[in-house]
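One structure is given here, and the rest of the page talks about it.
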There are 2 protein chains.
Amino acid sequence: MSIIFSRQCEYALQAVLYLALQPRGTLTSSKDLTTRLGVPYHFLGKIMQSLTRKGLLRSQKGSSGGFALALPPKDITLFHIVEAIDGVDFTKKCVLGFPECSGKNPCAVHHQWAGLRENIYEMLVRKNIAEMAKETKKPEFRAR
Amino acid sequence: MSIIFSRQCEYALQAVLYLALQPRGTLTSSKDLTTRLGVPYHFLGKIMQSLTRKGLLRSQKGSSGGFALALPPKDITLFHIVEAIDGVDFTKKCVLGFPECSGKNPCAVHHQWAGLRENIYEMLVRKNIAEMAKETKKPEFRAR
DNA sequence: GCGTAATCAGATATTATTGTCTTAATTATA
DNA sequence: TATAATTAAGACAATAATATCTGATTACGC
């Protein structure tokens, strides 16, 4: 089965987008996220911790605690989130899996693939969460 | 960790390409492939079986047996191999992981992602093994 | 202050993927 | 015909990814 991003990463993307849809300054709990997004509670908890440690989110402990974006939504890109969870190996890895494939020693599709990969990279870097939030009108967008 | 194709699929792509580099009509054993490509023997064996069952390869049992392409290299595309091993879910799956994302109910990056995905699809469908073999001159290309 | 509800942290469990082992069946070749 | 080398098949093992559980700490609100 082909994968683009890990499930962790998908959950992270969904969660960050959800936070961006909440009024600025409000905190959202993992419990809230888990019911809205339909993703496993404790697993999501771990992911939120990672995103917090990486500086993309801020958290508040205790009753009525929760998570919020640590930066203005326009300063968080898809790439930031992917980088924090999955890392950036996909920007270099050979699509055929040859371990020593590189620009100097290219596989048969190295250059073509590099182009496609660059398009993906550009999209991830350009797309910020504010823009995405604007395109996501409804608050009950779980089904998306 | 982000992935494009599974490891199985990478091995399959490498193996089919290697077969295309051999003189037409010759058989190549799994043992040969395993040493040339540096991939695990029995695991590769399973993959070769799959590709044979899917009709991309033909096999011959017994001493001096092995595998060869079942079709002219120009009639085997990257897409055929990916389809046989990983399936084609990646052509529809939402990049953010929203289960009900679709053209009618798009996520915030649905349309952009559809474009990028289409580029990948086109590349996989267009790129045939004959063309790739031509671009891979050396027979000792394991390191690619 | 106390109780409640939340994050944080680490251990454990489950599932999927990757990799290995063993045996049987097949076939060229000596 | 006997042997050796190979594919085929299925069971098993190891590893990685996903998911769950438990307890500790923190902080709000009564």
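Labels below follow one simple rule: chain letters A, B, ... track the order of the sequence lines, proteins then strands, and each chain is numbered from 1.
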Exercise for the section: Can you sort out the partners of B/Arg7 under side-chain hydrogen bond (donor to acceptor under 3.5 Å, both in side chains), two or more places apart, ordered by chain and number? Expected result: none

Practice task
Return yes if some donor-acceptor pair links the side-chain N/O of B/Asp86 with the main-chain N/O of B/Ser6 below 3.5 Å, else return no.
Solution key: yes

Problem - Length of the NZ-P vector between A/Lys31 and C/dC8, whole Å - result: 17 Å

Exercise for the section: Measure from CZ on B/Phe67 to C1' on D/dT6 and round the result to the nearest Å. Expected result: 9 Å

Problem - Heavy-atom protein contacts under 4.0 Å, nucleotides 18-25 of chain D, coded B base, S sugar-phosphate only, - none - result: SBBBB---

Handout entry: Under 4.0 angstrom between B/Ser64 side-chain N/O and C/dT27 OP1 or OP2
Key = no

Practice task
Tell me what B/Gly45 touches on the nucleic acid: a base, only sugar-phosphate, or nothing, going by heavy atoms under 4.0 Å.
Solution key: nothing

Exercise for the section: Using a 4.0 Å heavy-atom cut-off across all strands, classify A/Arg53 as base, sugar-phosphate, or nothing. Expected result: sugar-phosphate

Exercise for the section: Would you mind reading off the distance between A/Met1 atom CE and C/dT15 atom P, rounded to a whole angstrom? Expected result: 18 Å

Practice task
Look at the side-chain N and O atoms of A/Ser59 and state whether any lies under 4.0 Å from the OP1 or OP2 oxygen of C/dC8.
Solution key: yes

Exercise for the section: Examine D/dC28: is either OP1 or OP2 under 4.0 Å from a nitrogen or oxygen in the side chain of A/Gln60? Give yes or no. Expected result: yes

Completion exercise
B/Ile47 CD1 to D/dA8 P, in whole Å, measures 14 Å

Handout entry: Flag, side chain of A/Gln14 to backbone of B/Gly97, donor-acceptor distance under 3.5 Å
Key = yes

Exercise for the section: Provide, to the nearest angstrom, the distance between the CG atom belonging to A/Asp32 and the C1' atom belonging to C/dA5. Expected result: 13 Å

Exercise for the section: May I ask you to evaluate whether A/Ser63 reaches the phosphate of C/dG3, defined as a side-chain N or O under 4.0 Å from OP1 or OP2? Expected result: no

Exercise for the section: Would you check if A/Leu69 and A/Leu57 make a side-chain contact, meaning some heavy-atom pair closer than 4.5 Å? Expected result: yes

Exercise for the section: Please confirm whether the backbone N or O of B/Thr91 pairs with a side-chain atom of B/Arg117, one donor and one acceptor, at under 3.5 Å? Expected result: yes

Handout entry: Touch class at under 4.0 angstrom, heavy-atom based, for B/Gly65 against every strand present
Key = sugar-phosphate

Fill in the blank from the handout: Separation between CG (B/Leu19) and CZ (B/Arg58), nearest 0.5 Å, reads 10.0 Å

Practice task
Kindly assign one of parallel, tilted or perpendicular to the pair A/Phe5 and B/Trp113, based on the angle between their ring planes and the thresholds 30° and 60°.
Solution key: tilted

Practice task
Let me know, please, whether B/Phe5 or A/Ser29 comes out on the 5' side of the other along DNA chain C by nearest nucleotide.
Solution key: A/Ser29

Practice task
May I have the distance from A/Leu27 (atom CG) to D/dG29 (atom P), rounded to whole angstrom?
Solution key: 11 Å

Completion exercise
To the nearest angstrom, the CD-C1' distance between A/Gln49 and C/dA6 comes to 12 Å

